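Keep in mind that this is a model prediction, so the values were computed, not measured.
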Amino acid sequence: MKLPDVLILSLALALSIIGVHQSMTVGIGGSYFIFMFAAGLLFWFQLRRNKALSEQKEESPKSKQKKKQR
């Protein structure tokens, strides 16, 4: 996991905790945007992770073919 991925995941977790605190003090209406932002960050993290895994799988057969050719 690269640094941007760690930062995105950490920020999403922190916003979730802040959202829980705000919903206890203010109510769910006051913390809705915080939860939505945290969910958006989680989706972004998942998108980056799936993209990295698919790129890694595409490179893997190519490197095996190069080794076989040698």
Side-chain angles (χ1 to χ4, degrees):
M1 204 174 345
K2 294 185 178 181
L3 182 63
D5 295 331
V6 172
L7 291 175
I8 292 169
L9 190 59
S10 300
L11 188 58
L13 178 64
L15 285 174
S16 298
I17 292 170
I18 291 170
V20 168
H21 176 265
Q22 286 295 315
S23 64
M24 281 194 255
T25 57
V26 179
I28 193 73
S31 63
Y32 179 76
F33 72 96
I34 297 173
F35 283 123
M36 290 300 107
F37 194 61
L41 286 173
L42 286 173
F43 285 132
W44 188 26
F45 170 76
Q46 191 69 28
L47 179 71
R48 288 177 53 93
R49 185 173 156 204
N50 287 340
K51 186 177 178 182
L53 287 175
S54 68
E55 288 175 358
Q56 188 178 33
K57 286 181 182 178
E58 288 176 2
E59 290 176 4
S60 185
K62 291 179 184 178
S63 63
K64 288 180 183 177
Q65 289 176 356
K66 289 180 182 178
K67 288 180 183 177
K68 288 181 181 179
Q69 290 175 356
R70 291 183 185 177

Quiz item: Which value, rounded to the nearest 0.5 Å, describes the distance between Lys57 atom NZ and Glu55 atom CD?
Solution: 12.5 Å
Quiz item: Can you tell me how far the CG atom of Leu11 sits from the CZ atom of Phe37, to the nearest 0.5 Å?
Solution: 6.0 Å
Quiz item: Going only through I, L, V, M, F, W and Y residues with side-chain contacts under 4.5 Å, is there a path from Met1 to Leu7?
Solution: no
Practice problem: For Ser60 and Gln56, indicate whether the former's side chain and the latter's backbone hold a donor-acceptor pair under 3.5 Å. | Solution: no
Quiz prompt | ILVMFWY cluster, Phe35 and Trp44 together (side-chain gap under 4.5 Å) | solution = no
Quiz item: Are side-chain heavy atoms of Leu42 and Ile8 found at a separation under 4.5 Å?
Solution: no
Quiz item: Are Ile17 and Leu13 close enough that some pair of their side-chain heavy atoms sits under 4.5 Å apart?
Solution: yes
Practice problem: Check the hydrophobic clustering (I, L, V, M, F, W, Y; side-chain heavy atoms under 4.5 Å; chains of links allowed) and say if Leu9 and Val6 are grouped together. | Solution: yes
Self-check item: Smallest separation among heavy atoms of Val20 and Ser23, with atom names
Solution: O-OG, 2.9 Å
Quiz item: Taking the side chain as C-beta and beyond, is there a heavy-atom pair between Arg49 and Asp5 under 4.5 Å?
Solution: no
Quiz item: Roughly how far apart are Ser16 OG and His21 NE2, rounded to 0.5 Å?
Solution: 14.5 Å
Quiz item: Under a 4.5 Å side-chain heavy-atom rule over Ile, Leu, Val, Met, Phe, Trp and Tyr, are Ile34 and Leu41 clustered together?
Solution: yes
